[in-house]
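For the single chain, residues carry numbers from 1 onward in sequence order. None of these values were measured; they are calculated from a predicted model.
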Amino acid sequence: MSLRKGKLQRGILFNGICGICIAALLAPYLPARAAENTENVRALYEEYNARFDAVEHREDIEEYGFETVDIHIFPVQYEIDSQKEMETELVRQMKADPNADIRDLKMNMDAPMLMIPAYDKTYNRLALFFVDKEGSIVYKTDRFETNSCVLGQVRQPQQELVSVAFQDLNGDTLTDIILITSCEVGAGRKYRIGDVLFQSTKGIDTEGLIFYRDYRISDKINRFGMNQNTDSITAFVRDGYSTEFLYTAVTLKELLAHGFQIISEQCYTRTFGKLGKLQVVPGTYRIADYDVFMVYLVNEQDYILSMLQPMGSYDNLYALKGINCRDIDGDGLKDIVVLAKYSYEDEEHKLAVSSDYSIYYQRTGGFSADTEIKNWYQCSEEDTMQTVVERARAYWGWKTEDDTNTDR
């Protein structure tokens, strides 16, 4: 295969992935976007912006239509060492008195300012307000990736702020902020969006507070799946680790060169009709103590023809239970079923483990993820690969005992 052809495949794969992700995210909101455009988006934004600009004191936040996210109000120090010392003291007090009100403990911390996150009640837009000890707003911003979840629209999908962390991400000893929000994308599905605010040294020089945001960093965090937890964002922004190669690699050799680890016991070759013999290559890449799980279909010339993402929105691969290749939907083409256990942080911020499966249907030139069976059948912890395959084939009208199209 020529280099030019390899680059073409890479471009098609990358653009296809981005197109699928964007379409999946925006599809539920396209009608709403059209309706809002008929209203005059400029007028709506000016109305919202006037209220945002009018917030000058802490009591103004609620008065001008913003609802505070009390659980994520934090005292903030200018320098990261002081911030970490304060957080350590807060943890010590929480352990000393487990029944204490955490919010009261945070409010009693000696810090120059409070960070108060709030959502606009009308348009679901996130804003951060930094308040000094006198209650005056010393800095505020609403420049976040999550506020552009649907481009060209003032009103954003229903959201929640799920995680906040304070780190020095660029080595200047100042406190930077990591935010992760959860955005509803329809049918009970949610999409996480990560963002980073860097504190500027200009604020120190002018005895003020200034944060800035690099849209290029936010773009990579979210485009390449590093938005699931603050540890992964820190590993990318501060330490230079990245999952980008998982989405842009052209060959298996390139994946391995960047640290991709093959799960050899589930790696094998199968014949997929006109696609020919393909090697099914499951594996992981470790970033910030999390194993990112991917499956690649690689041809005999070592080129990647398809990339599968069965891990979805989970944080980490806990155990791969199996990969099965057979016709699921009855079109005569061999499909792929992946069954695994994944770990994630539940709503109470505790570690949880869940079994889940993914089905990929073979189509002309590649594979497409199932969007029907998952809404009909949720697997349990006891389900085996045989159970999942039988349920999936039964959904498409196969007799469960009909197993003529075997995994080979």
Side-chain angles (χ1 to χ4, degrees), residues 11-55 61 64-69 117-129 139-163 177-198 211-228 233 244 247-248 309 312-313 368-369 371:
I12 293 172
L13 174 61
F14 182 73
N15 291 334
I17 294 166
C18 293
I20 291 170
C21 293
I22 293 171
L25 180 62
L26 300 185
Y29 304 104
L30 291 179
R33 177 180 175 181
E36 187 169 287
N37 284 341
T38 62
E39 295 183 43
N40 189 339
V41 173
R42 182 186 296 275
L44 293 177
Y45 182 75
E46 288 177 351
E47 181 272 326
Y48 158 78
N49 207 43
R51 288 190 287 107
F52 176 75
D53 290 342
V55 178
I61 297 175
Y64 286 103
F66 293 88
E67 183 174 2
T68 60
V69 185
Y119 274 100
D120 178 61
K121 297 177 183 177
T122 304
Y123 301 117
N124 300 323
R125 301 179 70 87
L126 175 66
L128 283 189
F129 300 96
Y139 186 79
K140 57 187 173 182
T141 182
D142 63 348
R143 300 292 182 88
F144 300 113
E145 191 80 5
T146 190
N147 289 340
S148 299
C149 183
V150 183
L151 295 175
Q153 181 172 304
V154 180
R155 181 178 287 102
Q156 295 300 306
Q158 194 67 34
Q159 303 177 30
E160 64 173 323
L161 182 59
V162 297
S163 188
I177 301 172
I178 302 171
L179 303 170
I180 297 179
T181 59
S182 178
C183 174
E184 294 187 4
V185 295
R189 296 179 298 116
K190 295 184 177 181
Y191 178 82
R192 288 199 170 187
I193 301 175
D195 227 328
V196 172
L197 289 178
F198 297 96
F211 284 94
Y212 66 93
R213 169 181 170 270
D214 190 327
Y215 75 91
R216 296 167 299 182
I217 291 176
S218 297
D219 174 66
K220 290 200 172 186
I221 287 172
N222 294 291
R223 185 148 45 111
F224 301 118
M226 294 179 283
N227 53 15
Q228 295 303 307
I233 294 176
E244 181 173 353
Y247 299 83
T248 60
Q309 300 173 263
S313 60
S368 63
T371 57

Going from OG on S313 to CD on Q228, what distance comes out if it is rounded to the nearest 0.5 angstrom? 5.5 Å
Atom of Y64, atom of R51 and distance for their closest heavy-atom approach: O-NH1, 2.8 Å
Would one find more than 12 heavy atoms of other residues, nucleotides or ligands at under 6.0 Å from atom CD of E67? no
Smallest separation among heavy atoms of I221 and G194, with atom names: CG2-CA, 4.1 Å
Between the side chains of N227 and N222, is a donor N or O closer than 3.5 angstrom to an acceptor N or O? yes
D120 and Y123: which non-hydrogen atoms are nearest, and at how many Å? OD2-N, 2.8 Å
Is the shortest side-chain N to carboxylate O distance from K190 to E160 below 4.0 Å? yes
Residue Y212 excluded, over 12 heavy atoms near OH under 6.0 Å: yes
For the backbone of Q156 and the side chain of N124, can you confirm whether one donor and one acceptor N or O come within less than 3.5 Å of each other? yes
Verify whether the ring centers belonging to F66 and F129 lie closer than 6.0 Å. yes
Closest non-hydrogen atoms of L179 and F144, given as atom of the first, atom of the second and distance, are CD1-CE2, 3.5 Å
With a 3.5 Å cut-off and no angle check, do the side chains of Y247 and Q309 form a donor-acceptor pair? yes
What are the two closest heavy atoms between S218 and D195, and how far apart are they? OG-OD1, 2.6 Å
Is it the case that atom CZ in R213 sees more than 12 heavy atoms from other parts of the structure closer than 6.0 Å? yes
